[in-house]
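This structure is a prediction, so every number in the text was calculated from the model and none was measured. Scope of the values below: all heavy atoms of this structure, side chains included, with no hydrogens, waters or symmetry mates. The first residue in the sequence is number 1, and the count goes up from there.
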Amino acid sequence: MRLRHCPFALLLCSLFAQTRTPHTAEFWVNPKDGLRYVWVPPGNYQMGCSPGDADCSDDQKPAHPVAIREGFWMGETEAPVDAFSRFVKATGGNMPRQPGGTTEDSRQPVVNVNWRMAESYCLWAGGRLPSEAEWEWAARGGTSGARYGAVAEIAWFTHNSGKAPIDGDTLFRAGPERYEQALIANANRAHPVGQKRPNAYGLFDMLGNVMEWTDDHYQRYDAQPHTVVYTPPRRFDYVVRGGDFGTIARYLTASYRVNSVAGAGNERTGFRCIARPLETPVPSVAGTRWRFSEMDSTVEFLRDGTARFNTASAPGHWRQDGGQLIIDAGGGAQWALTINGDAMQGVIRAAIGGRVQEFPGQTWLSRMSDTSTPRQPAPSSGGIPGGVAGGAPGAVVGGVLGSVPAVAPPPPPPRKIEQRPGVQRIRVGGIVQQGKLIQQTPPEYPPLAKQARISGVVKLHAIIGTDGTITNLQVVSGHPLLAPAAVEAAKQWRYQPTTVNGEVVEVETDIDVNFTLSK
């Protein structure tokens, strides 16, 4: 389905015409967050340094071919304060502090949101954060140059975002401290979204104003062709893109990238989402039974709004909003899930030890049977799998724990790890064995997994470097509540270097991390 420009009421179109720069992009209005999403078509491009960009940094090299196989709907603007306030009210969360301590300007881009908050918003809105390659493709707007127009016409940046024009390049050369002092003195700041000229896809503020979170962790490029297939990252550092109101002009390009820790929100970073309109309404789950992963634990959603778990004595409660399902499972635990055909994906949110924790899962529930009317077909392009964190803090996980699946859904196969030039690598097997493990850090047992009595083995695919350190880890199998702790522990393991014919080599192997509960 494609929604054309102004497909809705003439009044709505006239209101937008009064406040927006005219362009010919396709768009739809997301009823969840009230924002417009514009169509970004599929295509091929060179990701990284643009031709003629002399200021391009090393982490943008080499430029490499990327194929975007499927088009997508992206937020026309950075998520503004009013949309995020809507999300907070719907999910019972807290509004992050905005510059000046107020949220009066509803069209300011929301800031001080960390990666998890941005991701949760996008899941609530029926979508996700864009991958880094999707973001750059969208930012270029079909061009191959460093930016899609004259910088002053398309972006708020050092020169034009304060009380008076300033020479950002000269200030930048004076050093970071003097540079920041000058920005504060000049009151440089973010501006309401959608005031500058958009690119050819109808996207505003892709450069400048505030940086934007992506769903890819930071790593150096290689020269291999890439095809974008969305897979959630497994690390805790993510790429932010686009520069902000304090970025000097020469760095304000479509390829400019910065590394940021997932929990580090600040006044210069916001986000925008990718989402899809539902073509077919999602039927109610009332009267249906679902299984937790591959286990015998089940839940039935009764028409009176109660959720009966076969492993818990007390029922929980459920409510549905289109494709979003919220399950209050008892004991302060809440499941926030997206219905995607015969599966549900999303997030468990609960307070453990006085701290709110979130646990994402690939597939928590699979449909078993329908005790009411025959099922209707799932939408052909409905909401993207995910969920939203919505529970209230301050409680301890209770009745839901008996229903947490102890067997994980199978993860995607490990992607091929490219070999470094000039370094020999061998696969463990037969007479070839990896070096002796000389330092083994035990994993920290995740509190929710411990209370749910989840145990087992997480199998990791690893590269052991020539110095005995682990240089790459990928999850092969294991429960999603255990896998992050396994990765964090294994990263600290050390082995004796492996030699073959007197030469030190890299070793490719699988390692097991065991989680055992005491009696």
Colleague: Just so I know, are the side chains of Asp244 and Thr269 near enough to count as touching, which here means a heavy-atom distance under 4.5 Å?
Modeller: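 The answer is no, as the side chains (C-beta and beyond) never meet within the 4.5 Å cut-off.
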
Colleague: If you define the side chain from C-beta out and look only at heavy atoms, does anything of Met95 sit under 4.5 Å from Val110?
Modeller: yes

Colleague: With sequence neighbours left out, write down each residue that passes side chain to side chain contact (heavy atoms under 4.5 Å, CB included) with Arg86, or none if nothing qualifies.
Modeller: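 With neighbours one apart ignored, the set is Trp124.
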
Colleague: On a heavy-atom basis, which atom in Ala490 and which in Val513 lie closest, and how many Å separate them?
Modeller: CB-CG2, 4.4 Å

Colleague: In the structure I gave you, are the side-chain heavy atoms of Glu488 and Glu444 within less than 4.5 Å of one another anywhere?
Modeller: no

Colleague: Give, for atom CG of Leu325 and atom CE of Met344, the distance between the pair rounded to the nearest 0.5 Å.
Modeller: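 If I round to the nearest 0.5 Å, the distance is 5.0 Å.
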
Colleague: Return yes if some donor-acceptor pair links the side-chain N/O of Ser85 with the main-chain N/O of Val81 below 3.5 Å, else return no.
Modeller: yes

Colleague: Which atoms form the tightest heavy-atom contact between Thr441 and Trp493, and what is the distance?
Modeller: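 Closest approach of Thr441 to Trp493: O-NE1, 2.9 Å.
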
Colleague: For a quick check under 3.5 Å, do Asp216 and Thr214 share a side-chain donor-acceptor pair by atom type?
Modeller: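 Their side chains do not contain a donor-acceptor pair, so the 3.5 Å distance test is not met.
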
Colleague: Pick out which of Glu78, Glu132, Glu212 makes a salt bridge (charged side-chain N to carboxylate O under 4.0 Å, His left out) with Arg241.
Modeller: Glu132

Colleague: Which class fits the ring pair Tyr45 and Trp137: parallel under 30°, tilted 30 to 60°, perpendicular over 60°?
Modeller: tilted

Colleague: Can you list the steps and then say if Asn514 with Val457 is a side-chain contact (heavy atoms from CB on, under 4.5 Å)?
Modeller: CA-CA 5 Å; Asn514 294 288; Val457 177; 2.9 Å; yes

Colleague: Are any non-hydrogen side-chain atoms of Val240 and Arg268 less than 4.5 angstrom apart?
Modeller: no

Colleague: I need the minimum non-hydrogen distance between Val487 and Leu473, along with the two atoms involved.
Modeller: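 Heavy atoms of Val487 and Leu473 come nearest at O-CD1, 3.6 Å.
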
Colleague: Grab the two heavy atoms, one from Tyr221 and one from Met47, that are nearest each other, plus how far apart they are.
Modeller: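 So the minimum-distance heavy-atom pair works out to OH-CE, 3.4 Å.
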
Colleague: Mind checking side-chain hydrogen bond (donor to acceptor under 3.5 Å, both in side chains) for Tyr256 and listing every partner two or more places apart, or none if nothing turns up?
Modeller: none

Colleague: Between Trp73 and Trp39 (side chain of the first, backbone of the second, donor and acceptor by atom type, cut-off under 3.5 Å), is there such a pair?
Modeller: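 No; zero donor-acceptor contacts below 3.5 Å.
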
Colleague: Take Asp215 and Glu134, measure what side-chain contact (heavy atoms from CB on, under 4.5 Å) needs, and give me the verdict at the end.
Modeller: CA-CA 10 Å; Asp215 211 4; Glu134 288 170 331; over 6 Å; no

Colleague: Considering non-hydrogen atoms only, spot the tightest contact between Gly265 and Asn114 and give its length.
Modeller: N-CB, 3.9 Å

Colleague: Would you say CD of Glu70 has more than 12 non-hydrogen atoms from neighbouring residues, nucleotides or ligands within 6.0 angstrom?
Modeller: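 At most 12 heavy atoms, drawn from other residues, nucleotides or ligands, come within 6.0 Å of this atom.
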
Colleague: To the nearest 0.5 Å, how far apart are CD1 in Ile438 and CD in Gln496?
Modeller: 6.0 Å

Colleague: Could you check whether any side-chain heavy atom of Leu129 comes within less than 4.5 Å of a side-chain heavy atom of Tyr238, counting everything from C-beta outward?
Modeller: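 Heavy-atom side-chain distance check fails, nothing below 4.5 Å.
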
Colleague: Examine distances only and state if a side-chain atom of Asn30 and a backbone atom of Ala125 form a donor-acceptor pair shorter than 3.5 Å.
Modeller: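 Such a contact is found between Asn30 side chain and Ala125 backbone.
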
Colleague: So how far is it from Leu35 CG to Trp28 CH2, rounded to the nearest 0.5 Å?
Modeller: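 Here the interatomic distance stands at 10.0 Å.
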
Colleague: Using modelled atom types and a 3.5 Å cut-off, is there a donor and acceptor pairing between side-chain atoms of Asn112 and backbone atoms of Glu267?
Modeller: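 Judged by distance alone, yes, a pair lies under 3.5 Å.
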
Colleague: Drop me the distance from His64's NE2 to Gln46's CD, to the nearest 0.5 angstrom.
Modeller: 8.5 Å

Colleague: Given Asp33, which of Phe87, Tyr121, Phe84 fulfils the side-chain contact (heavy atoms from CB on, under 4.5 Å) condition?
Modeller: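 Running side-chain contact (heavy atoms from CB on, under 4.5 Å) over Phe87, Tyr121, Phe84 with Asp33 returns exactly one hit, Tyr121.
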
Colleague: Would you say that Met74 contacts Cys273 through its side chain, given a criterion of any heavy-atom pair below 4.5 Å between the two side chains?
Modeller: no

Colleague: Yes or no on side-chain contact (heavy atoms from CB on, under 4.5 Å) for Tyr495 and Ile470, after CA distance, side-chain angles and deciding distance?
Modeller: CA-CA 8 Å; Tyr495 292 82; Ile470 293 178; 4.2 Å; yes

Colleague: Determine the minimum heavy-atom distance between Cys56 and Lys61, stating which atoms define it.
Modeller: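 So the minimum-distance heavy-atom pair works out to O-CE, 3.6 Å.
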
Colleague: For the atom pair CD1 (Ile326) and CG (Leu337), what is the distance rounded to the nearest 0.5 Å?
Modeller: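 Rounded to the nearest 0.5 Å, the CD1-CG separation comes out at 7.5 Å.
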
Colleague: After noting the C-alpha distance and the side-chain angles of Phe271 and Met117, does the key distance pass the side-chain contact (heavy atoms from CB on, under 4.5 Å) rule?
Modeller: CA-CA 10 Å; Phe271 67 95; Met117 296 163 69; over 6 Å; no

Colleague: Is the shortest heavy-atom distance from the side chain of Arg289 to the side chain of Val299 under 4.5 Å?
Modeller: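 When only atoms from C-beta onward are counted, Val299 and Arg289 do not touch, as no gap falls below 4.5 Å.
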
Colleague: Roughly how far apart are Trp290 CH2 and Arg367 CZ, rounded to 0.5 Å?
Modeller: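 Spacing of CH2 (Trp290) from CZ (Arg367) equals 4.0 Å.
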
Colleague: Determine whether Val66 and Glu136 make a side-chain contact, defined as any pair of heavy atoms from C-beta on separated by less than 4.5 Å.
Modeller: no

Colleague: Can you see whether Asp59 engages Ser57 through a side-chain donor-acceptor pair at a distance of less than 3.5 angstrom?
Modeller: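 The criterion, which ignores hydrogens and geometry beyond distance, is satisfied for Ser57 and Asp59.
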
